[in-house]
Number of protein chains: 2
Amino acid sequence: MQIQQAKHQFVQAWGAFGSHWGVNKTMAQIHALMMISEESLSTEEIMETLAISRGNVNMNVRELIDMGLVFKVFKQGERRDYFIGEKDVWKIAKQVAKLRKARELDPVLNLLQEIRQMDLPPKNEEVKRFLKLVDDFYKLAVNIDRLVEGIIKAEESWFWDKVLKLLAKK
Amino acid sequence: MQIQQAKHQFVQAWGAFGSHWGVNKTMAQIHALMMISEESLSTEEIMETLAISRGNVNMNVRELIDMGLVFKVFKQGERRDYFIGEKDVWKIAKQVAKLRKARELDPVLNLLQEIRQMDLPPKNEEVKRFLKLVDDFYKLAVNIDRLVEGIIKAEESWFWDKVLKLLAKK
DNA sequence: TGAAACTTTCAGATAGTTTTGAAATTATTG
DNA sequence: CAATAATTTCAAAACTATCTGAAAGTTTCA
């Protein structure tokens with residue numbers, strides 16, 4: 001197997017995974033390409049490598065920049081923009097955790113909190129059961145929130161060391 | 001606010017969240033409805049409550065059953081099928097974690113493992129850097145895998161007690 | 001300043017997903 | 001067995017997301 005084939009496979013697979021992660025295929029492919037490219041890349045180079053349009057590259061690169069996973073690079077004496085991908089896997093993971101928390105968890109916390117604070121008479125069995133479910137979900141969501149916050153703030157080796165030791169102990 | 005309104009809001013919001021979780025709106029709505037319904041529901045009742053077609057209910061309920069979040073119930077003297085939702089939030093969470101791990105994490109582990117085992121000559125800087133990235137991702141994925149496995153197996157109170165205490169200590 | 005180089009936008013095209021609803025199938029009852 | 005009730009299937013329609021490519025906008029430089 002040659003390195004170029006291996007990289008190609010990585011990029012293609014990452015694109016396919018994207019669909020299961022709520023990320024569009026092209027964005028996942030661009031991100032994969034940026035992670036494995038030591039050098040910064042121009043729009044043209046991304047277009048060619050992935051066989052996609054200029055508009056598509058522009059849109060997705062911009063979003064990756066907004067996500068903090070890709071950065072603009074200015075090259076001395078060059079007119080066009082170049083982009084470089086974050087290479088630190090732990091930083092990438094924390095960033096993704098942060099973004100997914102904001103998209104997937106925070107809105108749920110808000111909804112549950114809102115319902116908990118409703119005044120719902122009469123206090124019959126139906127109401128009690130509903131509020132119990134909402135409350136259970138809320139407590140779970142708060143715990144997950146704290147765990148994710150912990151991960152985002154943690155130092156990698158410390159975190160895994162402690163957590164995996166803890167889970168093993170059981 | 002009345003209980004029926006509150007339940008309606010819960011179902012609608014859950015449906016909207018679905019889109020951000022890689023779950024289609026209808027399935028998320030049906031699941032929400034099943035979680036908050038004490039009684040088992042028939043296809044007809046779900047159709048009416050959510051204003052959706054028979055085929056849609058059938059498909060999504062079947063999938064929820066496959067996911068282990070909803071169960072078929074046979075009613076004495078009744079010809080039609082009834083369905084009841086799992087109500088235990090921790091069980092639901094573990095089930096979802098299991099499903100998402102299978103969909104989102106396991107394929108990545110396989111890819112990374114596969115690439116790690118490739119023979120990629122020559123061992124130049126480019127190859128080394130690529131394999132380093134793959135290796136970093138692999139180690140991270142293995143750690144996440146262990147964490148998720150730990151969660152799936154853990155007893156709820158024990159798990160949160162320990163983990164949150166750990167994160168607080170830092 | 002103005003022409004070239006490059007980036008951004010966005011309307012329409014394409015591709016992908018979800019839903020419907022009627023027909024086919026299966027199960028139950030008298 | 002035949003009638004009835006319910007479930008399942010699936011092709012077509014509706015809807016949604018994504019991508020293209022040309023036009024508009026911006027920046028650079030002589």
Side-chain angles (χ1 to χ4, degrees), chain A residues 11-12 14-34 40-67 70-84 99-100 103-104, chain B residues 11-12 14-34 40-67 69-84 99 103-104:
Chain A
V11 170
Q12 293 303 311
W14 220 251
F17 294 156
S19 334
H20 297 135
W21 301 336
V23 165
N24 85 53
K25 192 185 86 173
T26 307
M27 193 189 297
Q29 283 187 337
I30 295 178
H31 186 220
L33 179 63
M34 303 291 262
S40 59
L41 299 173
S42 66
T43 300
E44 296 284 343
E45 288 166 325
I46 299 169
M47 284 170 66
E48 273 186 39
T49 311
L50 302 178
I52 55 178
S53 74
R54 186 173 298 283
N56 200 1
V57 171
N58 186 273
M59 261 180 357
N60 283 297
V61 167
R62 178 146 32 96
E63 202 163 336
L64 285 165
I65 291 175
D66 289 346
M67 294 167 84
V70 165
F71 309 96
K72 226 180 244 209
V73 168
F74 297 98
K75 278 203 179 179
Q76 185 64 273
E78 282 264 20
R79 207 144 148 183
R80 66 180 57 175
D81 288 351
Y82 282 80
F83 307 99
I84 189 134
L99 294 162
R100 288 187 75 158
R103 246 200 300 142
E104 304 185 19
Chain B
V11 169
Q12 294 303 311
W14 220 252
F17 294 158
S19 334
H20 296 134
W21 300 338
V23 166
N24 83 54
K25 191 185 86 174
T26 307
M27 193 190 296
Q29 282 186 339
I30 295 178
H31 186 220
L33 179 63
M34 303 292 262
S40 59
L41 301 174
S42 66
T43 300
E44 296 284 344
E45 289 166 325
I46 300 169
M47 283 170 66
E48 272 186 40
T49 311
L50 302 178
I52 54 177
S53 73
R54 185 174 298 284
N56 200 359
V57 172
N58 186 274
M59 259 182 359
N60 283 298
V61 167
R62 179 146 31 96
E63 202 163 336
L64 285 165
I65 291 174
D66 289 347
M67 292 167 84
L69 298 172
V70 165
F71 310 97
K72 226 180 241 208
V73 167
F74 297 100
K75 279 204 178 178
Q76 186 66 273
E78 281 266 21
R79 207 143 150 182
R80 63 181 58 177
D81 289 350
Y82 281 79
F83 307 98
I84 189 135
L99 294 162
R103 243 197 305 139
E104 303 186 19

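Source: prediction; values computed, not measured. Each chain gets a letter, A, B and so on, in the order its sequence line appears, and its residues count up from 1.
- Considering CG of B:Leu69 and CE of B:Met34, their distance stands at 10.0 Å, rounded to 0.5 Å.
- You'll find the side chain of B:Ile52 reaches within 4.5 Å of the side chain of B:Val57, heavy atoms only.
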Distances for protein N/O vs nucleotides 23-26 of chain D N/O pairs under 3.5 angstrom?
none

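- Between atom CD1 of residue B:Ile46 and atom CD of residue B:Gln29 there is a gap of 11.5 Å, rounded to the nearest 0.5 Å.
- Distance CG (B:Asn60) to C1' (C:dT20): 13 Å, rounded to an integer number of Å.
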Below 3.5 Å is the cut-off: list the nitrogen or oxygen pairs between protein and nucleotides 13-16 of chain D, distance only.
none

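- In this structure, CG of A:Asn56 is placed 14 Å from C1' of C:dT8, rounded to the nearest angstrom.
- For the OP1/OP2 pair of D:dT7 and a distance below 4.0 Å, the side-chain nitrogens and oxygens of B:Asn58 include no atom meeting the criterion.
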message = If you apply the rule side-chain contact (heavy atoms from CB on, under 4.5 Å), what do you find for A:Met27 with A:Met67, and how did you get there?
response = CA-CA 11 Å; A:Met27 193 189 297; A:Met67 294 167 84; 3.9 Å; yes

Donor-acceptor contacts, no H, no angles, side chain residues 77-84 of chain B, under 3.5 Å, sequence neighbours left out:
unit_1  : atom_1 : unit_2  : atom_2 : d
B:Glu78 : OE2    : B:Tyr82 : OH     : 3.3
B:Asp81 : OD2    : B:Lys72 : NZ     : 3.3

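- Rounded to whole Å, the distance from CD1 on A:Ile52 to C1' on C:dA15 is 16 Å.
- A:Tyr82 has its OH atom 14 Å from the P atom of C:dA5, to the nearest Å.
- One distance of note links OG1 of B:Thr26 with CG of B:Asn56; it measures 4.5 Å at 0.5 Å rounding.
- With contacts defined as side-chain heavy-atom distances shorter than 4.5 Å, the pair B:Leu50/B:Val11 qualifies.
- Residue B:Leu99 holds its CG atom at 10.5 Å from CD of B:Glu104, rounded to the nearest 0.5 Å.
- Summarising the geometry, the separation between CD1 on A:Ile46 and P on C:dT8 is reported as 12 Å, rounded to the nearest angstrom.
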Restricting both atoms to N or O, compile the protein contacts to nucleotides 26-30 of chain C shorter than 3.5 Å, with distance only.
unit_1 : atom_1 : unit_2  : atom_2 : d
C:dT28 : O2     : B:Arg79 : NH2    : 2.9

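- To the nearest 0.5 Å, atom CG of residue B:Asn24 and atom CG of residue B:Asn60 are 5.0 Å apart.
- Of the residues near DNA chain C, A:Arg62 and A:Arg80, the one whose nearest nucleotide (by heavy atom distance) lies more toward the 5' end is A:Arg80.
- In this entry the distance linking CE of B:Met59 with C1' of D:dT9 reads 10 Å, nearest Å.
- Interface residues of residues 17-30 of chain A facing DNA chain C, ordered by number: none; criterion, heavy-atom separation under 4.0 Å.
- Residue pairs meeting the salt bridge (charged side-chain N to carboxylate O under 4.0 Å, His left out) criterion with at least one partner in residues 42-62 of chain A, sequence neighbours excluded, are A:Glu44-A:Arg54.
- As a whole-Å value, the separation of B:Leu50 CG from C:dT18 C1' is 15 Å.
- Taking atom CE on A:Met47 and atom P on D:dG21, their separation rounds to 9 Å, with Å as the unit.
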